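Worksheet: one structure, shown below.
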Amino acid sequence: MPLLEVTQTRHLNATVRFSDTTVLRINRYVEFVRNQTGVRVEADQILDKAANYAFDKDREFLDYEKTPQ
């Protein structure tokens, strides 16, 4: 079963660059999720979930987010 659960959300556009290896792994993960769940997902949905997963696991970042700007 995939580690990430993907649902529909409102989207904003951003331009990002990845190494060739990372792009290949992203595409393979999209394929993996589709095969395991039958859900039609796209790479941007996977990357959104992966980024938020990392943010939520980083305790120092979570503390930083709580500090007044």
Side-chain angles (χ1 to χ4, degrees):
M1 172 157 281
L3 180 64
L4 305 175
E5 179 182 333
V6 180
T7 57
Q8 293 291 336
T9 58
R10 181 175 168 256
H11 298 283
L12 300 174
N13 291 327
T15 301
V16 296
R17 295 175 7 177
F18 297 101
S19 69
D20 293 348
T21 305
T22 302
V23 171
L24 290 172
R25 293 189 81 198
I26 291 166
N27 290 333
R28 291 285 291 155
Y29 200 83
V30 168
E31 180 184 318
F32 170 70
V33 171
R34 288 177 181 171
N35 288 337
Q36 293 293 314
T37 66
V39 175
R40 175 108 178 118
V41 297
E42 300 298 331
D44 60 337
Q45 295 169 295
I46 295 295
L47 293 170
D48 180 70
K49 291 295 180 179
N52 281 299
Y53 179 84
F55 299 151
D56 291 344
K57 297 298 180 186
D58 188 328
R59 293 194 186 278
E60 287 184 59
F61 176 68
L62 293 173
D63 290 341
Y64 174 79
E65 276 193 310
K66 293 177 187 174
T67 59
Q69 299 302 330

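In this text the structure is predicted, and so the values were computed from the model without any measurement.
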Task: side chain to side chain donor-acceptor pair (under 3.5 Å) partners of E5, counting only residues at least two apart - done: none
Task: Atom pair CG/CG of L12 and D44 - distance to nearest 0.5 Å - done: 11.5 Å
Task: F61 CZ to K66 NZ distance, which is reported to the nearest 0.5 Å - done: 12.0 Å
Open item on the list: Just checking Q36: does its CD atom have more than 12 heavy atoms from other residues, nucleotides or ligands closer to it than 6.0 angstrom?
Closed with: yes
Task: Stepwise side-chain contact (heavy atoms from CB on, under 4.5 Å) check, T22 with I26 - done: CA-CA 6 Å; T22 302; I26 291 166; 3.8 Å; yes
TODO: Report the distance from atom OG1 of T37 to atom CE of M1, rounding to the nearest 0.5 Å.
DONE: 8.0 Å
TODO: Let me see the working for I46 and V41 under side-chain contact (heavy atoms from CB on, under 4.5 Å), right down to the final yes or no.
DONE: CA-CA 7 Å; I46 295 295; V41 297; 4.2 Å; yes
Open item on the list: Once side chain to side chain donor-acceptor pair (under 3.5 Å) is applied, do any residues pair with R28, and if so which ones, sequence neighbours excluded?
Closed with: E31
TODO: Over all heavy atoms of both residues, which pair between Y29 and L4 is shortest? Give the atoms and the distance, please.
DONE: OH-N, 3.6 Å
Task: R25, CZ atom: more than 12 neighbouring heavy atoms under 6.0 Å - done: no
Task: Rounded distance (nearest 0.5 Å) linking atom CG of L47 with atom NZ of K49 - done: 12.5 Å
TODO: Applying side-chain contact (heavy atoms from CB on, under 4.5 Å), run through Q45 and D48 and close with a yes or a no.
DONE: CA-CA 5 Å; Q45 295 169 295; D48 180 70; 5.7 Å; no
- [ ] Give the minimum heavy-atom separation between F32 and P2, together with the two atoms involved.
- [x] CE2-CA, 3.6 Å
Task: Atom CZ of F18: over 12 foreign heavy atoms under 6.0 Å - done: yes
Task: Residue N35 excluded, over 12 heavy atoms near CG under 6.0 Å - done: yes
